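Read through the structure below, which is laid out as structure tokens, and then see the notes.
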Amino acid sequence: MKNNFVAILDFGSSKITCMAASKVSDKGEFIIKAVGQSIYNGFGDNGWYEPDTISEAVSQAISQVENKMKSRIKEIFVGVPGVFCAQTTSEASTTFHSKKKIDVDDIEEIIKKADIFKCESDYSPLGGKPVYFILDGALKMVEPVGFIASKLTGLISFSYMKNYFRNTVAPVLLEKGISKVTYINACEAQSSYISHSMYNDNYSIVIDIGHITTNVMLCGGKGLLFERTFALGSGYLASDLCQVLGCDYNFAMSILEKVNLNLEIQSGDAYSLNGRMIDAYQTNEVVKARINQIGEYVIKSFRFCDKEIPVNTPIILTGGGLAYIRGGVDCLSASLGKQVRLYDSVNAQTKRNEYTSCYGLIYESIRVEKNAGGLFSFFSKFGKGDK
């Protein structure tokens, strides 16, 4: 590393976050050293809502970290939001002349064989990442190096970035003097980190409900099997309350902090906010209705998924949009007809749900630095740019 820390840039639906972190161990553990943030209006399916504001917002977030670290950022890992990514999977096999010990070269050969997709002109490849491997058609595992087999089969996940995103961000970073950039699928990094944190190496569904967007991800082993993004989040809950209660947007966001969907609310009950009494029953019903719609969209998202999902696959909720509404996770569980767990961490630095995409990028950047030039060195081939 050129810096003695890793730096990441995360594009949320309402704010841009830059973080600097130091590696604690090769297992991906880290300590966050500095955080910089700037508010912006986010993005939709067709791109940035206010593209002219991106340059200043990115510069502000990075400058805050540089000032706190008293060091210029020379290398950065940029998370590409799901709306600017495409993802697919492919399987490939290698049969050896006789039984042999699997090594790094065998893994990279599988990845090359699996890369059968022609990248569209408006996309750039972010590289392939193994999901799992099967030895001799029977033994399934995540890390096969060192095991003996005569045949190796691997399922590889490939991600692609819209050039529109890169063409917006890259010039800003160059202007800041950052010439070494690695782009990472933020959904892949986040889902892998959460699965790792929740001690789950099998299938898991991660739902990140943000301010104006929701990401739905299916993670299997160490890779991303499916991702889908749709425009719904806590900002829509607040807009609903504005319309029904006749209040302004900021007041509605404050009301959400009062909401408790676990309470047995009766007609006449009220939430008190800044000396104003708000009909609690009406408020809860409005919030529940929108959460139910989010649940419906989550279910609809998986109509586009071609993977078989085991019935016992855990569902994990994260993001700042719903995780902090009391009873929100239970309401979503009822809507999905499945138990939903809330992301949590024993580490006080990594407990906040609105930053799990940042944690995922840090976790992934540490792994990339560790493996640079060695195992999974395809990151340096496909993920680097703007040098």
Side-chain angles (χ1 to χ4, degrees), residues 6-19 21 28 30 35 37 40 42-45 47-48 54 57-58 61-62 76-88 123-129 157-166 168-170 173 181-197 204-219 222-231 233 301 316-321 343 350 352-368 379 382-385:
V6 295
I8 64 94
L9 191 65
D10 177 70
F11 290 81
S13 58
S14 64
K15 59 181 177 284
I16 295 173
T17 303
C18 181
M19 285 188 181
F30 54 85
V35 179
Q37 280 189 334
Y40 78 133
F43 45 80
D45 291 340
W48 310 106
I54 302 302
V58 169
I62 292 174
I76 200 163
F77 293 82
V78 178
V80 185
V83 73
F84 297 119
C85 279
Q87 180 274 336
T88 190
Y123 281 85
S124 295
L126 294 178
K129 186 176 181 182
S157 176
F158 292 93
S159 293
Y160 304 86
M161 166 182 58
K162 283 186 179 180
N163 292 331
Y164 170 80
F165 175 85
R166 179 174 182 166
T168 305
V169 176
L173 298 178
V181 183
T182 302
Y183 296 95
I184 296 174
N185 183 334
C187 288
E188 181 175 69
Q190 181 185 30
S191 59
S192 295
Y193 169 76
I194 288 178
S195 294
H196 168 78
S197 300
S204 62
I205 293 172
V206 176
I207 304 172
D208 181 337
I209 301 177
H211 183 64
I212 56 176
T213 59
T214 291
N215 291 313
V216 181
M217 298 152 271
L218 174 64
C219 188
K222 296 294 184 181
L224 187 65
L225 289 167
F226 171 78
E227 66 174 277
R228 190 81 176 173
T229 300
F230 56 85
S301 294
I316 304 167
L317 172 67
T318 189
Y343 162 80
T350 56
R352 298 181 64 176
N353 275 271
E354 68 266 37
Y355 295 127
T356 51
S357 57
C358 295
Y359 307 151
L361 291 173
I362 295 172
Y363 173 73
E364 197 64 39
S365 64
I366 289 172
R367 294 177 64 191
V368 172
F379 272 108
F382 296 104
K384 303 280 185 180

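What you see is a predicted model; the values in this text were computed from it and never measured.
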Subject >> Phe30 side chain reached by Thr350 side chain, heavy atoms, under 4.5 Å >> reply: yes
Original post:
Would you say the side-chain atoms of Asp10 and Thr17 include a donor-acceptor pair closer than 3.5 Å?
Top reply: no
Subject >> For Thr318, side-chain hydrogen bond (donor to acceptor under 3.5 Å, both in side chains) partners two or more places apart >> reply: Asn353, Thr356
**OP:** Please round to the nearest 0.5 Å and tell me the distance separating atom OH of Tyr363 and atom NE2 of His196.
**Re:** 4.0 Å
Original post:
Do the rings of Trp48 and Phe43 sit parallel, tilted or perpendicular, given the 30° and 60° boundaries?
Top reply: perpendicular
**OP:** Kindly indicate whether the side chain of Ile362, heavy atoms from C-beta on, has any atom under 4.5 Å from the side chain of Val6.
**Re:** yes
**OP:** Check whether any side-chain heavy atom of Ile8 sits under 4.5 Å from a side-chain heavy atom of Ile76, and report yes or no.
**Re:** no
**OP:** Check the angle between the aromatic planes of Phe11 and Phe165 and answer parallel, tilted or perpendicular using the 30° and 60° thresholds.
**Re:** perpendicular
Original post:
Going by the angle between their ring planes, with limits at 30° and 60°, are Tyr343 and Tyr193 parallel, tilted or perpendicular?
Top reply: tilted
Subject >> Inter-residue atom distance Glu364.CD - Asn185.CG, 0.5 Å rounding >> reply: 9.5 Å
**OP:** Would you indicate whether the side-chain heavy atoms of Gln87 and Tyr160 approach each other to under 4.5 Å?
**Re:** no
Subject >> Minimum side-chain heavy-atom gap Thr213-Pro81 below 4.5 Å >> reply: no
